[in-house]
2 protein chains.
Amino acid sequence: MSTDAPVGRRERLRAATVDEIKAVALRLLVEEGPEAATLRAIAREMGMTAPGLYRYFPSHEDLHKALVADSYDRLAAVLAAARDGAGQVLATEARMAGKPLVVVQLVCAAKAFRDWAAAHPQEFRLVFGTPVPSVTHNLDDPAHAAGMRFGAVFTEIFVRLWAELPFPVAPEESLPEALASQLRDYRTSLVDLFGEAAGDVPLTAIDVFLRAWVQLYGLVAMDVFNHLHFCLTDAGPFFETSLAALGRDLGIEYVPVH
Amino acid sequence: MSTDAPVGRRERLRAATVDEIKAVALRLLVEEGPEAATLRAIAREMGMTAPGLYRYFPSHEDLHKALVADSYDRLAAVLAAARDGAGQVLATEARMAGKPLVVVQLVCAAKAFRDWAAAHPQEFRLVFGTPVPSVTHNLDDPAHAAGMRFGAVFTEIFVRLWAELPFPVAPEESLPEALASQLRDYRTSLVDLFGEAAGDVPLTAIDVFLRAWVQLYGLVAMDVFNHLHFCLTDAGPFFETSLAALGRDLGIEYVPVH
DNA sequence: TCGCAGGAGTTAACAGTGTTTGCTTACGGC
DNA sequence: GCCGTAAGCAAACACTGTTAACTCCTGCGA
């Protein structure tokens, strides 16, 4: 987002310009479509010329990547806010009475994900659509790091869900070893992020959780990308029944929010 | 694909040129990436110049749409072939003994879908990735019609699955009316395609089936688009456990194929 | 306070894109 | 065999991302 503690006036002005470039680019991308966010259009909007932008971004693609990273971060913030608002929902909505907080948090985050996608389809495409040409998911890519921060919101809730409300799963031995070893590595990275509690989650539970995430992604992506048009005109109610089914897989009872 | 019964020599030559343009464009798109399939590059490859292509396609975007439609049709043909090969699988693979044919057909088709996506990632992007700018899914769009032909392979198997092996579902009344009405319309269109048998499928079963399709799409799309890289390096084994879970939802027992 | 290094921004240009216009050429149907 | 029309081309237009060379200004160090 913004750099930390710019020392001199020069750096401050520079950071402000970087932010303005990204803001204008995002506005063009959202309002006029992805192909409208050309360097010349962005520069024109800012009262300068295209080559000047190269003082701030080494290429158009790098600017694009910065927009992806920022969108990831905004989405992560929205999800975190929804999670943190779950307590309020739990306190005010009558039918929520007695629900475990972590369950309400998961439902709120899932709904916030869909709502964000519906409200910001262009940004959703930007982030979750076809990646740029054969994207080499470099670990030092800022967009990749931002993607991890986004995913952490869901996984953190899930780790807590398992700690508080474990659901019955098959024994780990039932998994093919080729999958088990991958999930073990993934679980190790979760321990680094969320502490020892993550180490207690069985691989089969992670398997179920990943499937839930795939389901959530698939549903929202097909909706935004118009791949559900062949059968549904409004995917909203279908999202409800899908959340309910998803809750059954996770051993929790789904209760509609809002 | 190819026109039906070209009368004169002129039309025959023309159809051959159209096919060559699409073949060259697809080859460039697959081998050099989507942005390499420019009109000039295609024309150069064919020993002609870019404006000449306008005799065959009114715009670059129309050529693109034709490629989408063709890819849909090729995929549909692959799925149909996998379905028709299920009898052979049933006869030769020992552990398949006693399985209902329709179940093997569904599994074969699902696996063929993933295998095709893995073998043709660029074509998968072409068809299932971010659609062209705010795609207006016109009913007269050939790509849309091809998409319906593709979907029909899965839905036909599903209608037959229900007729032969219905699984327990919740009563239709449990669905929110906003969803039920949409599913009713969709079921009516299925009756037009597959006959009266489709009319007997409960709306709740269609709800389950759609969710299965969303799961399948989400899994394959996330794999091709590299959105599973954060947790898996090879999505193959995860696809297996997902197919098993998917089978449970449909009340069938999953048996690995090949 | 002053001088200057270096950052910011410009113009001009290049190679590429999709697309249109006007032209020539060649060939299939009458 | 002629003719009309389809096929294809060269040139041009308005774009795109990107580079090079240049000017100007300004914030910083002495």
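As rounded to whole Å, 11 Å separates atom C1' of C:dG18 from atom CG of B:L53. Atom CD1 in B:I42 sits roughly 10 Å away from atom P in C:dT17 (whole-Å rounding). Summarising the geometry, the separation between OH on B:Y56 and C1' on D:dG8 is reported as 8 Å, rounded to the nearest angstrom. The CD-C1' distance, from A:E11 to D:dC28, rounds to 11 Å in whole Å. One interatomic measurement links the two molecules: CG of B:L63 to C1' of C:dT17, which rounds to 15 Å at whole-angstrom precision. Taking atom CZ on B:F57 and atom P on C:dT19, their separation rounds to 13 Å, with Å as the unit.
Considering every non-hydrogen atom in both A:A36 and A:E32, the closest pair reads CB-CB, 3.3 Å. Here the closest non-hydrogen pair linking B:A25 and B:A37 is O-CB, 3.9 Å. Scanning both residues, B:K22 and B:L63, for their nearest heavy atoms gives CG-CD1, 4.1 Å. Across all non-hydrogen atoms, the minimal contact from A:F124 to A:A117 is CD1-CB, 3.6 Å.
For residues 181-192 of chain A, every residue pair satisfying the salt bridge (Lys or Arg N to Asp or Glu O under 4.0 Å) rule, not counting sequence neighbours, is listed here: A:E172-A:R187, A:E177-A:R184.
Using a 4.0 Å cut-off, some side-chain N or O of B:R14 falls inside it from OP1 or OP2 of D:dA7. In terms of phosphate contacts, B:T49 brings no side-chain nitrogen or oxygen within less than 4.0 Å of OP1 or OP2 of D:dG8.
Checked against a 6.0 Å centroid threshold, the rings of A:F128 and A:F113 count as neighbours.
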Extract from the structure each pairing of a protein N or O with an N or O of nucleotides 25-28 of chain C at less than 3.5 Å, listing the distance.
residue : atom : partner : partner atom : Å
C:dG28  : OP1  : B:R9    : NE           : 2.7
C:dG28  : OP1  : B:R9    : NH2          : 3.4

Report, one pair per line, the protein and nucleotides 14-18 of chain D atoms (nitrogen or oxygen only) whose separation is under 3.5 Å.
residue : atom : partner : partner atom : Å
D:dT16  : OP1  : A:T38   : OG1          : 3.1
D:dG17  : OP1  : A:L39   : N            : 3.1
D:dG17  : OP2  : A:L39   : N            : 3.1
D:dG17  : N7   : A:R40   : NH1          : 2.7
D:dG17  : O6   : A:R40   : NH2          : 3.1
D:dT18  : OP2  : A:Y54   : OH           : 2.7
D:dT18  : OP2  : A:H60   : N            : 2.7
D:dT18  : O5'  : A:Y54   : OH           : 2.9

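Side chain of A:Q215 to main chain of A:S242: no donor-acceptor pair is present (N/O by atom type, distance under 3.5 Å, no hydrogens or angles).
Between the side chains of A:T17 and A:R14, no donor-acceptor pair of N or O atoms lies under 3.5 Å.
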* Which is it for A:L190 and A:F158 under the side-chain contact (heavy atoms from CB on, under 4.5 Å) test, yes or no, and what are the steps along the way? -> CA-CA 11 Å; A:L190 292 186; A:F158 169 68; 5.8 Å; no
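If you check distances only, the side chain of B:R55 never reaches the base of D:dA6 with a donor-acceptor pair under 3.5 Å.
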